[in-house]
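Notes for the one structure printed next.
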Amino acid sequence: MTNRSFRRFVAPALLALAACSSAAQAATYTMFKDPNCGCCDHWADHVREGMQTEVAVTQSTDMAAVKDEHGVPAQLRSCHTMIVDGYVIEGHVPAAEIERLLAERPEGVRGLAVPGMPIGSPGMEMGDRTQSYQVIAFGDAGMSVFASYE
């Protein structure tokens with residue numbers, strides 16, 4: 001491959017990568033949480049640090065209504081719900097998986113969820129104690145495992 005050909009292929013790829021990074025940083029992150037939940041604040045800190053972004057927090061005493069409004073399936077619900085760039089993030093989803101979702105934008109996926117509150121997931125750290133958990137993608141394409149954590 002010549003130097004000119006190399007630049008012709010690499011330059012657009014670098015621009016696309018920069019655009020994805022900028023899009024993730026430019027998106028608005030709004031987390032809905034019960035005013036009495038502390039783990040939600042820890043998870044928001046994880047997203048702020050992991051994605052180097054701001055997270056707006058909206059207090060709600062009716063989280064079921066928030067989840068209903070945003071189409072979170074009952075079996076995937078957790079304590080907090082975040083909306084980012086049209087996606088729903090439910091529960092203690094790692095920042096790396098949110099970044100991946102925003103970069104890949106898989107067809108038929110409306111959001112990601114970590115059901116329940118697994119020990120060791122972001123915001124639920126308890127020393128060395130951990131539980132295995134899965135990040136579930138959900139939407140028009142149904143539900144599927146997006147990532148697994150042991």
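Note: hydrogens, waters and symmetry copies are ignored here, and every other heavy atom, side chains too, is used. All values derive from a computational prediction rather than experimental measurement.
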Item to check | For Gln134, side-chain contact (heavy atoms from CB on, under 4.5 Å) partners two or more places apart | outcome: Ile136, Val145, Ser148

Checklist entry - Under 4.5 Å between side-chain heavy atoms, hopping through other hydrophobics if needed: is there a path connecting Met82 to Phe32? => result no

Next on the checklist: Please find the pair of heavy atoms, one from Ala147 and one from Arg100, that lie closest to each other, and give the distance.
Outcome noted: CB-NH1, 4.3 Å

Checklist entry - If every non-hydrogen atom of Tyr149 is compared with every non-hydrogen atom of Val135, which pair is closest and at what distance? => result CE1-CG2, 3.9 Å

Checklist outcome for this item: Sequence neighbours excluded, the answer for side chain to side chain donor-acceptor pair (under 3.5 Å) partners of Arg48 is Asp45

Next on the checklist: Under 4.5 Å between side-chain heavy atoms, counting indirect links through other Ile/Leu/Val/Met/Phe/Trp/Tyr residues: same cluster for Val55 and Val84 or not?
Outcome noted: yes

Checklist outcome for this item: In short, side chain to side chain donor-acceptor pair (under 3.5 Å) pairs touching residues 117-133 with sequence neighbours left out are Ser132-Glu150

Checklist outcome for this item: Correct closest heavy-atom pair for Cys39 and Met124 would be CB-SD, 3.7 Å

Checklist entry - With a 4.5 Å heavy-atom cut-off, do Phe138 and Val88 have their side chains touching? => result yes

Checklist entry - Can Val93 be reached from Met63 by stepping across I, L, V, M, F, W or Y side chains whose heavy atoms are under 4.5 Å apart? => result no

Item to check | Contact summary for Cys40 and His80, nearest pair of heavy atoms | outcome: SG-ND1, 3.3 Å

Checklist entry - Within a strict 4.5 Å, meaning less than it, do heavy atoms of the Leu102 and Tyr87 side chains meet? => result yes

Item to check | Taking every non-hydrogen atom, the tightest pair across Trp43 and Ile98 | outcome: CZ2-CD1, 3.9 Å

Checklist entry - Which atoms form the tightest heavy-atom contact between Ser78 and Glu90, and what is the distance? => result N-OE2, 2.7 Å

